[in-house]
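Here's the structure, in structure tokens; my notes come after.
In what follows, every chain begins at residue 1, and chains take the letters A, B, ... in the order their sequences are listed. Note that the structure is a prediction, hence the values are computed from the model and not measured.
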Amino acid sequence: MYELKIDEKTCETCPTFDCLVRCQYIDIDKDTAKTEMKKMISGEDSFVLHDCVTCYACEEYCKRGNHPFYLITDLQEERGILPMPKPLKTQFVNISVPTRRDIIQFYGAEEPVISLCLFPQYTRLFSEEKLFEELSIIIGRYFFCHLMYLHSGNPSLIRERLPKIIDNIANHGFKEVIFFHDECYSTLTSYTTAYSIEVPFKPIHFNEYLYNKLKDQQTKIQPLNAKVAFQRNCSARLTPNVEDFVDDIFNLIGAERVERQYDRENALCCGGIIRGQQRYDLFVDVQTRNVDDMLNAGVEYCVFQCPACFDSLSEKVAEKGIKPIMMHDLCLLAIQGSDK
Amino acid sequence: MQSIYKSLTKIVDEEFVSNQKEELYIYSQDPGMMEPHEPDFVVMPKTTEEVQEIVKLANKEKIPIVPVGGSLSLSGLVIPHQGGIVVDLRRMDQVLEVNEESRYIVFEAGLTTGKLKAYLEKYHPLLRFSIPDAPPSATVVGNIVIHGQGRLTQQYGFNSDMVTGMEVVLPTGEVCKIGSGSVSPYWFSLAPLPDLAGLFLGWFGTTGIITKMGLKLYPKKKLRDIEVFAVEDPNLVPDVIQRVTHTEMSEDIFTGAQPYPPVFKDIIMIGILLTGDSKEELEFKRKMIWDALQCHIDSKEGGFMMMTPDVKQDLLEMPTSSTTRFADVKKGGGFEYCGPIIPVEKFPEAFTRLLEITKKYGITFGNAGRVIGRSHSMMFSFGYPFNRADPENIERTKNALHDTNVASLDIGGVPWKPEVPAQKMIMEKMDKSTLELMQRIKKVLDPNGIMNPGNWEVE
Ligand SMILES: Cc1cc2nc3c(=O)[nH]c(=O)nc-3n(C[C@H](O)[C@H](O)[C@H](O)COP(=O)(O)OP(=O)(O)OC[C@H]3O[C@@H](n4cnc5c(N)ncnc54)[C@H](O)[C@@H]3O)c2cc1C
Ligand code: SF4
Ligand code: SF4
């Protein structure tokens, strides 16, 4: 029903084929990239479909407004190519089936409202601790963006379930919703645009909210004067337009995002999905390179945007003496002092 | 009856003897399916001599006597089906000796798994025992009497294979030592003597009361971790187990399947626990295990699950509290799990039968299995939580349990810690000479049939 908007001609005339040439996990020169892209655009098989680690980055590498990554995932599904084992795919499918618990959790939400995706562990921040103000919370599977199916080779499930999710949110009459999880925000901006799915409310990125709140309370900020590494998450590749908020926040709280090899467009995946794809050696290699790079840059903190990245990389980071911390906790540190 | 009570109070302090309704009520049941039956007396001895006197009294008066540990074996094995005296051993909970060099411990029969775990952590942090996933109030001896399994079972066999010695009060009142402790001050081994421990293990207290036990302890590594390999097809499970046990790199291997919550639906999980004294050791073992399962990864039929740290933490807990939480999922306090011990290759058949039975009776289930030895056999449990306040639910679960025992024997397994009806099913199928031997042994040891009557009995 929802078709991917991809312009073949744009690719045909592409001067760089950067989407594949810049891929950090598949070694491709420009000529090969051209050939493989051509195959994929015509719906044919390509080794890229088999080797892709689903890091989302090509979506960012393409500066011509096309959607190479969405194309890859659609083709994987069409051709029955499984990026991860069947039982893990089954688990992915079942994980978003609402249970009784999900129903209870969205009573009486009023704007300003934040969607916490499937991360109940952060509820306390916005209710009891009132991170910056009292926000209404929506949480649970009735609001779950489903973008994770880009990793498991069944993206049609996103298109099947997402409109209902959008309805669930819209039916509450919300005009604006802050999305805690970057992935939800990216779904409701990048993915919906690529597939012409209507979103009748305005998604706000959590970092935009954080930045504005910090700005309001700028006088309370005690600059951290700390060097930090930022671990970009996969869906950040879909919405590089909001990436500036990260730097703006860091500037406000006195965190220096140290120049390093694997940051910004060269960022490496946290490794979680690569492990899920059962590529253990690559997983170890990617995590090791990433953390060594942080060490070489002499950072004190590794700042995470995504709780899933935190789960997969924080232990390794901490082992090396770098403090793993979520973005909002780093901000709280600057506002409330290190006792928090 | 009053005279028995008096006699008991002469043996054990009065406050540890009871014939009061409320206490008899507690000892009349366990969490499982078997009908409750009250004892006439409950007594809590403190010493072997007291146990001895109680047994002598019961034997003289021909009164049934039932030894009780944590009462958590769930299959009515501690229910005094014919009344009599329940001997609750939990006051006898002292550690008597730990031999660090020869890695064994000697302790009293009422010592709980929880207390032993804490004791070793505090005083002998480099040693461990095979902790079962039963709640920590279970006794070590109770667990061993029923041939329980724990965290070290995949490496060293049934927990009962780890016994190095015993002190037993025979039904006729004699106190008897089993193993090296019968000839030496050291309780290091059952061998090289004739193995008399078998006269008391697996007998459910029908041949005597164990008052002390010697048990092997094992090296405790500094680090533990877990990998969970998931498959959808039960036919693959034996091969996965085969490959992982071949590496000899894991501590414990368990299986799990349950329909709820949805995230666990339609998959079978094989938990593989790892230990190491360093990160390097752990990583080496992990890599060996990943490599061993590469063929299932390549076929996309299986894969290592992605786990959040809290899920991992739950699975690493000893004992896991998730089993206990599951036991109460229906509320109403009813839980029985009936696990046959099966050859590992029978997993797919057992799993199919489990699904058929739960579908037939419309009941929820939790399947947990544990590999015993290097794939030498496995415990395959059909776990049924039920609501004790719902007679209809009880009836269905009872029928399911019956069908489960039939299925267990059908596929070539042997029901583990069977309740009385399942014992009868086993004995019906048993080689006649074996059954006769069991009866002769029982007759010799317990001529008056006072010990936990109803169990292992041919009508
Ligand atoms: C949630 C849950 C999880 C469990 N997980 C496991 C597991 O992982 N592994 C496992 O093996 N089991 C497990 N069990 C089953 C059981 O609880 C344990 O095996 C437990 O250790 C039994 O010990 P107990 O002290 O409760 O024994 P009891 O039930 O008190 O006794 C068991 C039998 O031994 C006899 N007995 C007790 N003490 C003596 C003695 N001193 N001399 C002679 N006979 C004696 C009793 O008469 C009875 O027949 C689990 C149970 C539950 C509820
Ligand atoms: S997707 Fe973008 S970068 Fe890739 S070939 Fe097409 S236009 Fe070029
Ligand atoms: S998603 Fe990542 S791994 Fe896959 S092709 Fe694009 S850049 Fe490469």
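- For a residue to count as touching a neighbouring chain, one of its non-hydrogen atoms must lie under 4.5 Å from one of that chain's; by this rule A:Glu319 touches chain B with the side chain only.
- For the 3.5 Å distance criterion, the side chains of A:Asp182 and A:Asn233 qualify, holding a donor opposite an acceptor.
- Neither the backbone nor the side chain of A:Phe310 comes within contact range of chain B; no heavy atoms are under 4.5 Å apart.
- Taking B:Glu301, B:Glu283, B:His296, B:Met269 one by one and counting their heavy-atom pairs under 4.5 Å with chain A, the maximum is reached by B:Glu301.
- Between B:Asp291 and B:Lys287 there is a salt bridge, since at least one side-chain N of the basic residue sits less than 4.0 Å from a carboxylate O of the acidic one.
- Only the side chain of A:Leu88 comes within contact range of chain B, with at least one heavy atom under 4.5 Å from a heavy atom of that chain.
- A salt bridge links A:Glu315 to B:Lys279: at least one charged side-chain nitrogen sits closer than 4.0 Å to a carboxylate oxygen.
- At a threshold of 4.0 Å, the pair B:Glu356-B:Lys359 does not count as salt-bridged, since none of the basic side-chain nitrogens sits closer than that to a carboxylate oxygen.
- In this view, B:Asp277 satisfies the side-chain hydrogen bond (donor to acceptor under 3.5 Å, both in side chains) rule with no residue, not counting sequence neighbours.
- Looking at B:Gln294, there are no atoms closer than 4.5 Å to chain A (heavy atoms on both sides), in backbone or side chain.
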